[in-house]
Protein chains: 2
Amino acid sequence: MIIDIHGHYTTEPPALHTFRDKQLAGLADAARKPASSDLGISDEVLIKSVQPQVNFQKERGGDLTIFSPRAGGMAHHVGTEAISRQWSTVCNDLIYRICKLLPENFVGVGQLPQFPGVSPKNCIPELERCVSELGFVGVNLNPDASGGMWTDPPLIDRHWYPIYEKLCELDVPAMIHVSSSCNPNFHHTGAHYINGDTTAFMQLIQGNLFKDFPTLRLVIPHGGGAVPFHWGRYRGLAQDMGRPPLAEYLLKNVFFDTCVYHLPGIELLANVIPVDNILFASEMVGAVKGIDPQTGHHYDDTKRYVDQLESLSEQDRYKIFEGNARRVYPRLDTLLKKRKEKR
Amino acid sequence: MIIDIHGHYTTEPPALHTFRDKQLAGLADAARKPASSDLGISDEVLIKSVQPQVNFQKERGGDLTIFSPRAGGMAHHVGTEAISRQWSTVCNDLIYRICKLLPENFVGVGQLPQFPGVSPKNCIPELERCVSELGFVGVNLNPDASGGMWTDPPLIDRHWYPIYEKLCELDVPAMIHVSSSCNPNFHHTGAHYINGDTTAFMQLIQGNLFKDFPTLRLVIPHGGGAVPFHWGRYRGLAQDMGRPPLAEYLLKNVFFDTCVYHLPGIELLANVIPVDNILFASEMVGAVKGIDPQTGHHYDDTKRYVDQLESLSEQDRYKIFEGNARRVYPRLDTLLKKRKEKR
């Protein structure tokens, strides 16, 4: 089974964007607020909207995508906390419907109603709803709700502890994923995303978060940002700071996905990061949509790169494509086992 | 000849730190200002202070280091513009003296008196002094004078044009190098440095800077941050944005150093970045000072990694260790040729 752990709903129907416009227009003129959070999107429209993902999944040999609202769309820094809460609910509800309509293709991951300067404690009700009511197997946690201004405390700060406690209690992982950038220095998918990944990992080296949360699991997307390329730097920095070896210190709790869009990058990832810590992902219909003229295939068809890794054993391949996902997302594993029993 | 293009004066004598303390104390209490910018550091003390660098140079088989003030020490965001100006002058003067005392070991690169919110035009006098009076062959340009707050415009903005005009006129390159971070989210050498590199490269994709400055040369340190690891992402983003292929669009003007502290990283760098764009560097006695238990050698002994690249021809090796440096830093080439003639 091929599980892609990193897919976003980037092909939303226009009605969702219309709702968002009205929602934000309502900040300036209450008369323009959306009358209802019922978007009037039919099941047919929903199913049609995810055909690009479904088609790529089939063409590329994937089976199941862990699916969450568009990352750039979360925009936690926009509006107010109430706006963020309503927006998260609406976006998560769409993911829930898609996963119910196409359960063979998609399993849900939620967006949290974060807001800069507000305790992530405010996200607990939506996190509980995502897992307990909507059947989601994880959430995306934005390490910079300010959208490129980085005004909240680092991930190792107690500011974040309420959300970690709940993640552990529910036994779901968080993918550490920033959203759009309102800082003109940071292109969102070209700088802010990758910087967010790198920054988060370094924060984890600085703190000792997993001493307090030994069962917490965090996924760093986009291959871990710059981390594997600079693995020697990070091993050395940790060593200079008196930390245990990184594999022992962080890799029981931190995982990397394979959203790296060329073979040499994936080769490096598999070379330096233990196979138990690599989860297959493509973030397809995402940041990079084109076809690589050097290969004739989509840049984000990451399965091709993993398939080309000759050093992997069959067991390694199983781990990257399926086993690690079942271990890091135990609710996914439970779901898949239940489904199998039913057949 | 082995030229290390990225060395900082990280082993400054205590007198420099005493001066800096007095300088900053003077902001709060004018009575504490340093009486003079003459630090009272003797030539003997200067020579002794750089023995660690000289010893490593010899042990590791290097010949010459392009040497600039401590990057983290620039701290452009601290104090006032006048403070930054005085501090830059003092730091550059020390580099000048070291290069005069040990001309076989060191050639200078300058620190600019940047200050957040102030036009980089303010740096032109010091840039001219560095090149014309102190004989420096380049400068470090901080893309984020705010120290991790990223409040100034991106590098492609006209804000920066006066400095680019002068760099072209003087025919010296700039290394795009951030300084320390006052944002608790960004560990300075573990996140801010690498993010700064990644961010700068993405800004260059977004703009069309080299159309306006076809002879401008920028060096992105630390192996280009996350860029080579995500080379497919950057090629794909540029393609989606309608830019020409990256090699053609940016690589006549943008260069990467080899400050990547493990062999797999250097292998990737050499695999994806054309050999004409890679300049040998170690930033030794820098971010990572320890010995890698996996190799028994210092993490930052990057020459060992380059030496292990079997795919390189002799000509490639010459380019990485010497030829590219002479081309990117033409004033260094002129200097070395003059010295040779004198012998």
Side-chain angles (χ1 to χ4, degrees), chain A residues 143-144 148-155 157 183-187 189-192 194-195 197-199 201-203 205-206 222-223 225-237 239-240 245 259-265 267-269 271-272 287-294 299-300, chain B residues 143-144 148-155 157 183-187 189-192 194-195 197-199 201-203 205-206 222-223 225-237 239-240 245 259-265 267-269 271-272 287-294 299-300:
Chain A
D144 170 34
M149 311 313 270
W150 292 93
T151 48
D152 279 339
L155 290 172
D157 192 278
N183 187 325
N185 280 287
F186 302 135
H187 182 276
T189 53
H192 191 43
I194 305 297
N195 292 351
D197 306 332
T198 309
T199 300
F201 190 81
M202 188 64 215
Q203 290 175 359
I205 292 179
Q206 289 177 270
H222 320 109
V227 170
F229 181 48
H230 287 285
W231 195 238
R233 170 177 285 253
Y234 291 102
R235 286 197 294 113
L237 282 168
Q239 183 176 318
D240 285 357
C259 292
V260 178
Y261 295 156
H262 64 152
L263 178 60
E267 284 175 337
L268 173 82
L269 180 73
N271 188 354
V272 302
V288 179
K289 297 187 181 61
I291 289 175
D292 186 347
Q294 294 182 7
Y299 287 99
D300 65 4
Chain B
D144 170 34
M149 310 314 269
W150 292 92
T151 48
D152 280 338
L155 290 173
D157 192 278
N183 187 325
N185 281 286
F186 302 134
H187 182 276
T189 54
H192 191 42
I194 304 298
N195 292 350
D197 306 332
T198 309
T199 300
F201 190 80
M202 188 63 214
Q203 291 176 359
I205 292 179
Q206 290 178 268
H222 321 109
V227 171
F229 180 48
H230 286 285
W231 194 236
R233 170 177 284 255
Y234 291 102
R235 286 196 293 112
L237 283 169
Q239 183 176 319
D240 285 356
C259 292
V260 178
Y261 295 156
H262 64 151
L263 178 60
E267 284 175 335
L268 173 82
L269 179 73
N271 188 356
V272 302
V288 179
K289 297 188 180 63
I291 289 174
D292 186 347
Q294 294 183 6
Y299 288 99
D300 66 3

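Small disclaimer: the values here were computed from a predicted structure and weren't measured. Chain identifiers are assigned alphabetically (A, B, ...) following the order of the sequence lines, protein sequences preceding nucleic acid strands; residue numbering begins at 1 within each chain.
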In this structure, CD of B:Q239 is separated from NZ of A:K289 (nearest 0.5 Å) by 12.5 Å
Applying a strict 4.5 Å limit to non-hydrogen atoms, the region of A:N271 in contact with chain B is side chain
State, yes or no, whether a side-chain contact exists between A:V260 and B:H230 at a heavy-atom distance under 4.5 Å.
yes
Correct closest heavy-atom pair for A:G223 and A:P228 would be O-CG, 3.0 Å
All heavy atoms of B:N183 vs all of B:G148, minimum pair found to be ND2-O, 3.2 Å
Exercise for the section: State, yes or no, whether a side-chain contact exists between A:H187 and B:I205 at a heavy-atom distance under 4.5 Å. Expected result: no
request  = Evaluate the side-chain proximity of A:L237 to B:T189: yes if any heavy-atom separation is below 4.5 Å, no if none is.
outcome  = yes
Between B:P184 and A:P154 the two heavy atoms that sit nearest each other are O-CG, 3.7 Å
Most contact-rich option vs chain A, by heavy-atom pairs under 4.5 angstrom, among B:V288, B:L263, B:N195, is B:N195
Given B:R235, B:Q294, B:H222, the one with more heavy-atom pairs under 4.5 angstrom with chain A than any other is B:R235
Honestly, the part of B:H192 sitting under 4.5 Å from a heavy atom of chain A is neither
If one checks every heavy atom of B:N185 against chain A at 4.5 Å, the contacting part turns out to be both
Ranked by heavy-atom pairs below 4.5 Å to chain A, first place among B:Y234, B:Y261, B:F229 goes to B:F229
Chain A shares the most heavy-atom pairs under 4.5 Å, among B:T198, B:T151, B:I194, with B:I194
Looking only at A:Q206, A:Q203, A:R233, A:M149, most heavy-atom pairs under 4.5 Å shared with chain B are made by A:R233
Most contact-rich option vs chain B, by heavy-atom pairs under 4.5 angstrom, among A:F201, A:W231, A:F186, is A:F186
Bottom line for B:P245: the part with an atom under 4.5 Å from chain A's heavy atoms is neither
Under 4.5 Å to a heavy atom of chain A? For B:D152 that would be backbone
